[in-house]
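Have a look at the structure below before the remarks.
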Amino acid sequence: MAELKYGYVGKILSVDLTTGKTSIVPTSNYAPKFIGGRSMAAKIYWDEVPPEVGALSPENRVIFMTGPLVGTFAPGGTNRVVVVSKSPEPIPENYCWSALGGHWGPELKFAGYDGIIVQGKSPEPVYLWIYDGEAEIREAGVLWGKVTSVGDEELKRLHGIQTKAIIIGPAGENLVKPSVIESDGHASTGLCSFGAVMGSKKLKAIAVRGTGSVKVARPKELIDIYRYWVGMGAVASRISNRGMGTFYNRATPEGHPSRLQDLVARGEATHKAGGCWACNVCCLCGMRFKNLATPNASFKCNEIAELQQEEYLLTGTWMTEIGWEFGRLCDDLGISITQVIGHTIPFEEEYHGGTWAWELVTAGLWTEENTGLPVGSKEKPNVGSREFNRALLHKIAYREGIGDLLAEGPRSYLKHVYETAPSELKEAAEEQYDKNMYKEKYCVCWQAGKFVERGYPHWINLALMPRNDRHYSWIALGRSFLRTKASIEEEKALAKKLFGDERAQDCYTPEVKAPVTVLGQDLNIEADSLTSCANNTAGVAYIDTEKLMSIGTRNFSAVTGIDRTFDEMRKQVGERTVTLERAIQVANGRRREHDIYNDFYFTKAKWPWKPEGRLASEWVTKDLHWKVMEEYYGLRGWDIATGIPTRKKLEELGMKDVADDLESKYGVTVPA
Amino acid sequence: MVKKAIAERRIKEVPMELQEAAGHIVHDQQLCAGCRTCMAVCSLSHNGAVSPELSGIQVMWFPREGSVVDSNTCQQCKGPECRAICATVALYIDEKTGARVIDEKKCIGCRLCQEACPNKTRDPHYYGDGLSPIRYNAEKNVCFKCDLCGGDPQCVKFCPMKALSLSKKGG
């Protein structure tokens, strides 16, 4: 058994809420073979959650896992906790992972745990209190039913101001599908409905306080890496001007200052940066308003960016208090902003996504009578207004009236709308359903210093996603090629070096995109396993073009003292985890024929990017898709006919037990 | 009272004509984002392990209040009471920077210096041990405080928000 003196703190807490017992699993059972975060959590999931377990059943596990870099000084936003569980959100229910940042993960490690595995279901609402290695299941009492901010305050009052907690809101308690686990008002597991999974276990919160430490094998080297990384300035300048990126970098497309910037200039509000543990970017934006009707808040930049974009399209104003309050309400109720945003604020048509609240009203499918919401009239929709937002979110979180249907998620709700629509509105309802089935937003590539939406690797990732309407991972090409000022020529040279073909640089073409996707996934998983931030993770995944070495690998070696080369990391972390996650899905019934998106994309979808003036749907055909997918299967060592990982590959990656289990337990014929 | 008596005795025994510190760490709470990079690098560079408890600078972040920050740093006082009260004379003045430093070999971990510090935790009930600039290392049974890193404070160097600086003169 390997010795894990550095980076890891050595213990994983296992909690059974049914019996009320806690036990300790040594981290060395899994690490360093499965280095941590997503990699380790996937392995634990494989070991403990068989495919027949329902997402909201007591047998399901919710696994919180940090990586060896969490709570250290390693650059790249190394404060994330990966959460893995079977999610009730996809149809059918499936293995999913999400993550949250902030200060909870580091606090957990200072308290002496690398991760927590929760199973069972408590008869009464409870919360978990961890103080320096001692874990205790306590009655939630008045906490149950509280919004997250009040619950969090209560926990801090009980256990001290330095307590860090993750908590679910009323949405999670009421098993609302778009629900999150929230931490400190600024971090949450945006996707996968893990709030509902915690709610189903009657676990309100996990409060942690730790005074311990995380040992680092080579502190000097780590400090040097940090300096090197900050010196690169690659990420910091992309998403943030030394913090506050969301505030300053967001002028309107026409160059006007945002509404919030206006307010600050007039002295009606103040703003301030915020940051997760030891982050070199600090992209959070905290606002305080003089007008107390608007709550103070601190936001993740992702959330605010989305709010801004969609708000602008609706109101013509950029970053207003309405959007702000919307976000804060979502945080309080424990609803996922990214998933509910589509209910309220329409996108432009090209985003063929969540415009439907607006469109349902204009199509006459939603009226004040049949929804009980202040939706306005067909001619003058009130969607996106303050009162509409409040009413809608409240109804969803407490499953009142129409909220009970909406709480099952947009997809199933739109199906319901379609099924119940009067015949003259059937077509409009079908269109909404089609569009929303395939909405995805995090699909950006990075090319020559700017974002390119929906580059080709995205489509490969999209086809492989375990969550069937959300990003599998942020996109490949971007992360690997991320340099703030790289020119196209530089990128082409790097593409040639990495893939032997400079066509890999072009996001718009399918050529050489399978290897790009493979590299991108490996880097993403490396970052998610170590674990580091998705925004900042370019930092960890970034490849030093001279040495072909990722920062993540260097970080890992300096922190744990276990030396790894880049190729070893790719194989042992990226490839192993992708293949294991695939095995989990294969056990769940996934095969090659599921690795495709709906006909809608090949026929009707208006993809917003138009290489050479053509709509993507005009040139991306099913044949082309399968050609690229086969190339991908080949590179991953999966069977081309079925999409199942081959025994040879599984054994090569040290997962003979997985291949055996697939055959003996789940009756899958594993190709040789 | 007892403390004061001890302090008076110490002042008589140990001459108080002290070298002034080159400065002290100044923390701008308005610029600070609460990421606690300073605490990470401080504990890492001094202990080889990261722990907010063992950092010479203490920052607390309240994101729900619109990213408000509270903090505490050693002021490197002219007449340091921590030094006056120390029974083993573990507190010495660094020749180069004038920083008031705890000698781990002499420190017996009695934590009187923590108590004596005029800048200690304001409201122990509310903050716990959280904002005391003198820290206690339970593992080694010694106290630890800001030593200005020999004139090149790491926290100032690595603050991503440039919220930290070294003041020109001591407290």
Side-chain angles (χ1 to χ4, degrees), chain A residues 6 71-74 79 102-103 106-107 109-110 149 152-153 160-162 183-187 209-220 222-223 226-227 230 236 242-244 269-289 295-298 331, chain B residues 28-55 58-70 121-132 135-140 149 152 154-155 157-163:
Chain A
Y6 302 104
T72 70
F73 182 60
N79 46 52
H103 293 246
E107 197 73 29
K109 283 188 82 170
F110 300 141
S149 57
D152 196 33
E153 217 167 87
I161 193 79
Q162 285 165 297
S183 171
D184 250 351
H186 67 94
R209 172 80 182 112
T211 58
S213 60
V214 182
K215 292 190 174 62
V216 174
R218 303 198 286 263
K220 279 216 172 67
L222 190 63
I223 290 175
Y226 191 97
R227 194 175 296 140
V230 172
R242 293 265 168 233
M244 301 298 300
T270 56
H271 62 84
K272 202 163 168 308
C276 303
W277 165 263
C279 179
N280 53 315
V281 173
C282 300
C283 66
L284 303 165
C285 173
M287 297 290 299
R288 287 172 78 89
F289 299 92
N296 300 324
S298 178
D331 276 349
Chain B
D28 185 331
Q29 296 188 349
Q30 192 53 39
L31 282 177
C32 175
C35 69
R36 307 198 287 171
T37 299
C38 48
M39 294 166 78
V41 72
C42 180
S43 53
L44 180 67
S45 57
H46 287 98
N47 299 301
V50 178
S51 167
E53 286 300 303
L54 301 180
S55 160
Q58 289 293 315
V59 174
M60 272 189 206
W61 180 47
F62 304 99
R64 285 193 196 279
E65 307 304 317
S67 202
V68 171
V69 171
D70 205 344
T121 306
R122 272 150 268 177
D123 182 352
H125 181 70
Y126 189 62
Y127 288 115
D129 201 12
L131 284 174
S132 188
R135 312 302 304 172
Y136 174 63
N137 185 341
E139 210 175 299
K140 292 189 193 166
C149 300
D152 180 22
Q154 299 293 304
C155 52
K157 207 156 146 188
F158 285 100
C159 175
M161 305 305 295
K162 304 280 171 251

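Per chain, numbering begins at 1; letters A, B, ... match sequence-line order.
- With values rounded to the nearest 0.5 angstrom, B:Lys157 atom NZ is found 4.0 Å from A:Arg227 atom CZ.
- To the nearest 0.5 Å, atom CZ of residue A:Phe73 and atom CE of residue B:Met39 are 13.5 Å apart.
- Aromatic ring orientation, A:Tyr226 versus B:Phe158: perpendicular (interplanar angle above 60°, classes split at 30° and 60°).
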- request: Go through B:Asn47 and A:Ser213 one step at a time and tell me if the side-chain contact (heavy atoms from CB on, under 4.5 Å) criterion holds.
  value: CA-CA 10 Å; B:Asn47 299 301; A:Ser213 60; over 6 Å; no

task: Dump the intermediate steps for side-chain contact (heavy atoms from CB on, under 4.5 Å) on B:Val50 and A:Trp277, then the final yes or no.
output: CA-CA 12 Å; B:Val50 178; A:Trp277 165 263; 3.5 Å; yes

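- A distance of 10.5 Å separates CZ of B:Arg36 from CG of A:Asn79, quoted to the nearest 0.5 Å.
- Here the OG-CZ distance, from B:Ser43 to A:Phe110, works out to 7.0 Å after rounding to the nearest 0.5 Å.
- Taking A:His103, A:Arg218, A:Glu107 one by one and counting their heavy-atom pairs under 4.5 Å with chain B, the maximum is reached by A:His103.
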side-chain contact (heavy atoms from CB on, under 4.5 Å) between B:Thr37 and A:Asn280, worked out: CA-CA 8 Å; B:Thr37 299; A:Asn280 53 315; over 6 Å; no

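- A pairwise comparison of heavy atoms in B:Cys35 and A:Cys279 identifies SG-O, 3.8 Å as the closest pair.
- Distance CG/A:Leu222 to CG/B:Leu44: 6.0 Å, rounded to 0.5 Å.
- Of the possible polar contacts, one joining the A:Lys272 side chain to the B:Cys32 backbone as a donor-acceptor pair under 3.5 Å is found.
- Remark: the backbone N or O of A:Gly212 is paired with a side-chain donor or acceptor of B:Ser51 at under 3.5 angstrom.
- Note that the CG atom of A:Asp184 and the CH2 atom of B:Trp61 stand 6.5 Å from one another [nearest 0.5 Å].
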